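Keep in mind the model is a prediction, meaning the values are calculated, not measured.
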Amino acid sequence: MRRLVLGLLLTVCCSLGCRTEYREDLDYSYDVRQTWTVDELAFGEIVQFESVFWEADDTISLRKEIVDNTIAAGRDVLEIGTGTGLISILCLQNDAKRVVATDINPAAAACAKYNAAMLAPDDELDVRLVSQQSPGAFAVIRSDEKFDLIISNPPWEDGSINQPLDHAFYDPGFALMDSLLDGLPEHLKPGGKCLLAYGHVPAIKRLQSEAAKRKLTLKILDDRDLDLLSTDFLPGMLVEIKTPLTK
């Protein structure tokens, strides 16, 4: 199976005109579920490994901000929960200064590394695997690391984790949301911002409440009325959070 997977990856890569040599820093042990063409990519396709989440409609507005409004250009970027690595790769393709991408799913970390090697070969994506024993939003971020832009399409619902893919859907007790909000004052540079993509009304309302408790400024970057939407909806809604400039 390992040889079959490697062969498929190299076939996909050859069709895209990218590098085909075997690399010791990439993990070829996962099955490939499918490949995706994404309009915003400068070239190539996204490869989706087994048990890695993919839903392009979650991040339409976020991708527009990165590509059309160049929000990542020249900036230090952190993506929490990178999945296939698409959003981080778009940041690199659109002139981000530095990008760190984290995920708690080992398959996702491997998938993001692979896609970055193929689609942003001249840049380095710093992919970090989050431990199951320490799953906070900033668990693998040093206390002195600060970013101009923090982005995430986090899990939307409270629920139990039974398999790696569940991390993309469920945030038990909304612990990830809370740890993300708690860590923003420490890890956002002055004037920086956090952009979160949510498509779940209860989660967005909870986010509004919890941000207010922490004296964080929250703005919904969407014209839709939250009270008129279904509980779950697509495309996802982009939410901007900023910290006070002065403490």
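Other residues, nucleotides and ligands place no more than 12 heavy atoms under 6.0 Å from the CZ atom of Arg33. Within 6.0 Å of atom NZ in Lys97, 12 or fewer heavy atoms from other residues, nucleotides or ligands are found, so the atom counts as exposed in its surroundings. Within a 6.0 Å sphere centred on CD of Glu124, heavy atoms belonging to other residues, nucleotides or ligands number 12 at most.
Counting heavy atoms from C-beta outward, Pro202 and Trp156 have side chains that stay 4.5 Å or more apart. By the 4.5 Å heavy-atom criterion applied to side chains, Glu55 and Leu234 are counted as neighbours. Met237 has its side chain out of reach of Leu221: every pair of non-hydrogen atoms, C-beta onward, lies at least 4.5 Å apart. Within the 4.5 Å cutoff, the side chain of Val239 has no heavy atoms near those of the Lys219 side chain. The shortest side-chain heavy-atom distance between Gln93 and Cys91 does not fall under the 4.5 Å cut-off. Between Pro164 and Gln132 there is no side-chain heavy-atom pair separated by less than 4.5 Å.
Counting only distance, with no hydrogens or angles, the side chain of Asp123 and the backbone of Ala120 share no donor-acceptor pair below 3.5 Å. Within the 3.5 Å criterion, the main-chain N or O of Arg98 finds no donor-acceptor partner in the side chain of Arg75. Without hydrogens or angle criteria, Asp158 side chain to Gly173 main chain gives a donor-acceptor distance under 3.5 Å. The closest donor-acceptor contact from the side chain of Asp103 to the backbone of Gly83 lies under 3.5 Å. Checking side-chain atoms of Gln48 against main-chain N and O of Val52 turns up a donor-acceptor pair under 3.5 Å. Of the possible polar contacts, one joining the Glu79 side chain to the Ser88 backbone as a donor-acceptor pair under 3.5 Å is found. Between the Ser179 side chain and the Gly136 main chain, no donor and acceptor come within less than 3.5 Å of each other.
Atoms CD1 and CG, on Ile150 and Leu196 in that order, are 9.5 Å from each other to the nearest 0.5 Å. Atom CG in Leu184 sits 6.0 Å away from atom CG in Leu216 (nearest 0.5 Å). Interatomic distance, CG of Asn115 versus CD1 of Ile46, reported as 4.0 Å (0.5 Å rounding). A distance of 12.0 Å separates CG of Leu195 from OG1 of Thr59, quoted to the nearest 0.5 Å. Rounding to the nearest 0.5 Å gives a distance of 4.5 Å between CG of Leu26 and OH of Tyr28. For the atom pair CG of Leu90 and CG of Leu119, the computed distance is 9.0 Å after rounding to the nearest 0.5 Å.
As a member of the Ile/Leu/Val/Met/Phe/Trp/Tyr network built from side-chain separations under 4.5 Å, Leu165 groups with Phe53, Ile161, Phe169, Tyr170. Leu228 belongs to no multi-residue hydrophobic cluster, having no ILVMFWY side-chain contact under 4.5 Å with any other such residue.
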Start with the C-alpha distance between Lys213 and Asp182, add both sets of side-chain angles, then the distance that settles salt bridge (Lys or Arg N to Asp or Glu O under 4.0 Å), and finish with yes or no. CA-CA 11 Å; Lys213 290 178 184 177; Asp182 288 339; over 6 Å; no
Verify salt bridge (Lys or Arg N to Asp or Glu O under 4.0 Å) between Asp25 and Lys113, making sure each step is shown before the conclusion. CA-CA 9 Å; Asp25 60 322; Lys113 287 181 181 180; over 6 Å; no
After noting the C-alpha distance and the side-chain angles of Cys194 and Leu149, does the key distance pass the side-chain contact (heavy atoms from CB on, under 4.5 Å) rule? CA-CA 6 Å; Cys194 173; Leu149 179 64; over 6 Å; no
Do Glu186 and Arg142 pass the salt bridge (Lys or Arg N to Asp or Glu O under 4.0 Å) test, and can you show the C-alpha distance, the side-chain angles, and the key distance before you say yes or no? CA-CA 10 Å; Glu186 181 179 2; Arg142 298 189 309 271; over 6 Å; no
Please walk me through it: do Ser61 and Glu65 pass side-chain contact (heavy atoms from CB on, under 4.5 Å)? CA-CA 6 Å; Ser61 54; Glu65 288 292 314; 5.8 Å; no
For Glu40 and Arg63: C-alpha separation, side-chain torsions, deciding distance, then whether salt bridge (Lys or Arg N to Asp or Glu O under 4.0 Å) applies. CA-CA 7 Å; Glu40 293 88 353; Arg63 300 200 307 269; 3.1 Å; yes
Give the C-alpha distance, both sets of side-chain angles, the deciding distance and a yes or no for side-chain contact (heavy atoms from CB on, under 4.5 Å) between Ile241 and Thr217. CA-CA 6 Å; Ile241 302 176; Thr217 301; over 6 Å; no
Working for side-chain contact (heavy atoms from CB on, under 4.5 Å), residues Thr102 and Leu129: CA-CA 6 Å; Thr102 72; Leu129 180 63; over 6 Å; no
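Cluster membership for Ile151 and Val38, using ILVMFWY side-chain heavy atoms within less than 4.5 angstrom, is shared. In the hydrophobic cluster analysis, where Ile, Leu, Val, Met, Phe, Trp and Tyr join through side-chain heavy atoms closer than 4.5 angstrom, Phe233 is grouped apart from Leu62. Put simply, Val77 and Ile80 are part of two different groups of oily side chains (I, L, V, M, F, W, Y) that touch within less than 4.5 Å, one to the next. Hydrophobic clustering (ILVMFWY, side-chain heavy atoms < 4.5 Å, transitive): Met118 and Val32 are in one cluster. Tracing side-chain contacts under 4.5 Å through hydrophobic residues (I, L, V, M, F, W, Y), one never reaches Ile71 starting from Leu218; they form parts of separate clusters.
Counting all heavy atoms, side chain and backbone alike, Lys146 lies closest to Pro185 at NZ-O, 4.4 Å. Closest non-hydrogen pair, Leu176 versus Pro135, comes out as CD1-O, 4.1 Å. Here the closest non-hydrogen pair linking Leu229 and Arg224 is CD2-CD, 4.0 Å. Of all the heavy atoms in Ala110 and Tyr30, the pair that sits closest is CB-CE1, 3.7 Å.
Using a 4.0 Å cut-off between charged nitrogen and carboxylate oxygen, Asp76 and Lys189 count as a salt-bridge pair. Ion pair Asp178/Arg206 flagged as a salt bridge, since at least one NZ, NE, NH1 or NH2 atom sits closer than 4.0 Å to an Asp/Glu carboxylate oxygen.
With no hydrogens or angles considered, a side-chain donor-acceptor pair links Glu45 and Thr37 at under 3.5 Å. Asn105 and His167 share no donor-acceptor pair across their side chains, judged by distance under 3.5 Å alone.
Tested against Tyr198, the residues Ile204, Asn153, Leu238 include a single side chain to side chain contact (heavy atoms under 4.5 Å, CB included) partner, Ile204.
Ring geometry for Trp36 against Trp54 counts as parallel: the plane angle stays under 30°, on a 0 to 90° scale with 60° as the upper cut.
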